[in-house]
Novice: 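To start, I am sharing the structure in question, which I have written as structure tokens.
In each ligand, atom 1 is the first atom listed, and ligand 1 is the first ligand listed. These numbers come from the heavy atoms of this one structure, side chains and all, not from hydrogens, waters or symmetry mates.
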Amino acid sequence: RNWELAIARGTDPDDLLSAHDVADRSRAGQEVVAYLHALIGQRRAHPTDDLLSMLVGVEEQGEVLTAAEVLGICVLLLVAGMETSINLIGNGMIALLRNPDQLALLRERPELTPAAVEEMLRYDTPTQFTMRVALTETTVAGHTFARGDGVIVLMASAGRDPAVFTDPDRFDITRYAAASAPRRHLGFSLGLHYCLGAPLARMEAETAIRTLIARAPGLSLATDTLTYLPSLIHRGVVSLPLDLSAD
Ligand code: HEM
């Protein structure tokens with residue numbers, strides 16, 4: 001978790017990082033690579049039914065993945081999949097606890113959990129923005145981007161767009177409930193780089209939230225003060241103390 005936090009912090013533009021952040025990212029990167037390297041060796045010797053064994057298996061069939069590629073894929077999956085999923089669950093729980101009517105509704109109708117997770121991705125999305133480069137001259141909302149210009153896409157802001165969403169600042173777990181409702185938000189981005197892990201992330205969040213709510217009938221926030229990660233890209237709390245007592 002500490003490695004992942006240091007690497008996640010390091011995904012912000014370097015200009016925003018302190019020398020300490022940069023050193024931390026570099027140390028964490030080296031340690032993760034050493035850890036994964038050892039793990040890859042173990043899985044090569046004793047394969048199990050996990051993803052890493054499968055990746056190593058692909059490599060050993062003589063083509064496609066070199067050792068460096070297996071390592072690269074593992075680091076990518078770890079970085080892309082961990083902080084984001086943690087923050088979806090955390091931000092989603094905060095939204096529910098701050099909107100007790102919605103929490104009560106979800107307790108009453110747990111079948112709304114998938115729709116609630118979509119709303120969490122819209123309302124308080126874990127990945128705040130991404131970056132693109134304009135491949136051709138393009139005009140968006142009256143602004144012309146020249147070919148090669150960098151573009152920052154504020155996905156979190158898009159989730160609150162009043163031109164798209166009715167009452168966008170309201171957390172409403174029924175917003176995506178109709179079978180015909182498109183899962184329209186940019187929480188997993190769009191296009192070529194659409195999140196590879198979206199189905200897994202949805203499943204993780206649904207399972208965690210459904211289970212937590214079912215097991216802790218008296219769930220509440222155990223603090224009034226939440227500290228957010230010092231990150232521009234990732235939105236989430238450093239920790240989320242919850243009171244799980246029964247009443
Ligand atoms: C709530 C959880 C998650 C959120 C909010 C999220 C969000 C995103 C976003 C916004 C992008 C696109 C970035 C862009 O367009 O520039 C992305 C890409 C990606 N995500 Fe996720 N992600 C989540 C979970 C996961 C998980 C669990 C995995 C894998 C286990 C994963 C793997 C990836 C990968 C590999 C990409 C890069 C795809 C590409 O560039 O073609 N993500 N994710």
Side-chain angles (χ1 to χ4, degrees), residues 1 3-5 7-13 29 32 36 39-40 43 49-56 58 64-65 68-96 113-135 138 140 145 149-161 164 171 173 176 183-212 228-229 231-237 240:
R1 173 72 170 132
W3 290 337
E4 179 275 324
L5 269 176
I7 295 171
R9 173 72 190 113
T11 50
D12 270 356
V32 166
L36 287 171
L39 207 58
I40 290 168
R43 291 299 189 271
D49 63 352
D50 66 5
L51 177 66
L52 190 50
S53 303
M54 201 196 75
L55 291 171
V56 168
V58 170
V64 193
L65 296 179
E69 284 168 338
V70 173
L71 202 64
I73 290 172
C74 291
V75 172
L76 172 63
L77 291 179
L78 203 69
V79 173
M82 198 167 159
E83 190 58 35
T84 48
S85 303
I86 291 169
N87 292 335
L88 176 59
I89 296 167
N91 296 355
M93 284 312 305
I94 294 168
L96 281 174
T113 310
V117 168
E118 294 310 310
E119 177 67 342
M120 291 161 186
L121 282 158
R122 180 198 71 84
Y123 178 79
D124 199 5
T125 204
T127 314
Q128 298 279 287
F129 67 91
T130 185
M131 289 167 277
R132 292 289 187 270
V133 173
L135 296 179
T138 311
V140 180
F145 294 90
D149 272 356
V151 182
I152 292 180
V153 184
L154 299 176
M155 298 171 312
S157 173
R160 301 290 188 101
D161 186 347
V164 177
F171 178 67
I173 63 164
Y176 294 94
R183 294 194 288 193
R184 200 169 180 212
H185 57 68
L186 293 183
F188 291 125
S189 188
L190 210 62
L192 194 61
H193 293 282
Y194 183 80
C195 177
L196 181 72
L200 175 62
R202 286 185 163 113
M203 194 176 76
E204 287 174 334
E206 286 168 24
T207 306
I209 287 165
R210 187 186 289 119
T211 308
L212 189 53
Y228 278 79
L229 296 165
S231 169
L232 274 191
I233 291 183
H234 296 288
R235 177 167 161 86
V237 288
L240 181 57

Novice: Kindly confirm or rule out an N or O of Glu204 lying under 3.5 angstrom from an N or O of ligand 1.
Specialist: no
Novice: Can you name the atoms of ligand 1, numbered from 1 with element, that are less than 4.0 Å from a heavy atom of Gly187?
Specialist: 5 (C), 7 (C), 10 (C)
Novice: Given that the side chain starts at C-beta and the backbone is N, CA, C, O, which of these parts of Leu88 lies under 4.0 Å from ligand 1, counting heavy atoms, or is it both or neither?
Specialist: side chain
Novice: Pick one of side chain, backbone, both or neither for how Thr130 approaches ligand 1, counting any non-hydrogen atom pair under 4.0 Å.
Specialist: side chain
Novice: Give the atoms of ligand 1, by number and element, whose distance to some non-hydrogen atom of Met155 is under 4.0 Å.
Specialist: 10 (C)
Novice: Under 4.5 Å between any side-chain heavy atoms of Thr138 and Asp149, yes or no?
Specialist: no
Novice: Quick one: which ligand 1 atoms are inside 4.0 Å of a heavy atom on Ala201?
Specialist: 1 (C), 2 (C), 24 (C)
Novice: Nearest protein heavy-atom contact for atom 39 (C) of ligand 1: which residue, which atom, what distance?
Specialist: His193 ND1, 3.3 Å
Novice: Are any of the side-chain nitrogens in Glu83 or Arg235 under 4.0 Å away from the carboxylate oxygens of its partner?
Specialist: no
Novice: Check ligand 1 against Leu76 and write out every atom of the ligand that is under 4.0 Å from a heavy-atom position of the residue.
Specialist: 35 (C)
Novice: Hey, which of Leu65, Asp50, Ile40 is the one that makes side chain to side chain contact (heavy atoms under 4.5 Å, CB included) with Leu55?
Specialist: Leu65
Novice: If you have a sec, work out which protein heavy atom is nearest atom 42 (N) of ligand 1 and how many Å separate them, to one decimal?
Specialist: Cys195 SG, 3.0 Å
Novice: Pick one of side chain, backbone, both or neither for how Arg132 approaches ligand 1, counting any non-hydrogen atom pair under 4.0 Å.
Specialist: side chain
Novice: Within the 4.0 Å heavy-atom shell around Thr127, which atoms of ligand 1 are there?
Specialist: 5 (C), 7 (C)
Novice: Need the ligand 1 atom indices (1-based, order shown) with element for anything under 4.0 Å from a heavy-atom of Gly81.
Specialist: 25 (C), 26 (C), 27 (C), 28 (C)
Novice: If you measure every N or O of Ser85 against every N or O of ligand 1, does any of those distances drop under 3.5 Å?
Specialist: no
Novice: Do Leu232 and Gln128 have side chains that get closer than 4.5 Å, going by heavy atoms?
Specialist: no
Novice: The criterion is side-chain hydrogen bond (donor to acceptor under 3.5 Å, both in side chains); which residues satisfy it with Thr113, sequence neighbours excluded?
Specialist: none
Novice: Check the orientation of Tyr123 and Phe171. Use parallel for under 30°, tilted for 30 to 60°, and perpendicular for over 60°.
Specialist: tilted
Novice: Students should be able to answer this: which protein heavy-atom is nearest to atom 24 (C) of ligand 1, and at what distance?
Specialist: Thr84 OG1, 3.5 Å
Novice: If you measure from OG1 on Thr125 to CG on Leu88, what distance do you get to the nearest 0.5 Å?
Specialist: 7.5 Å
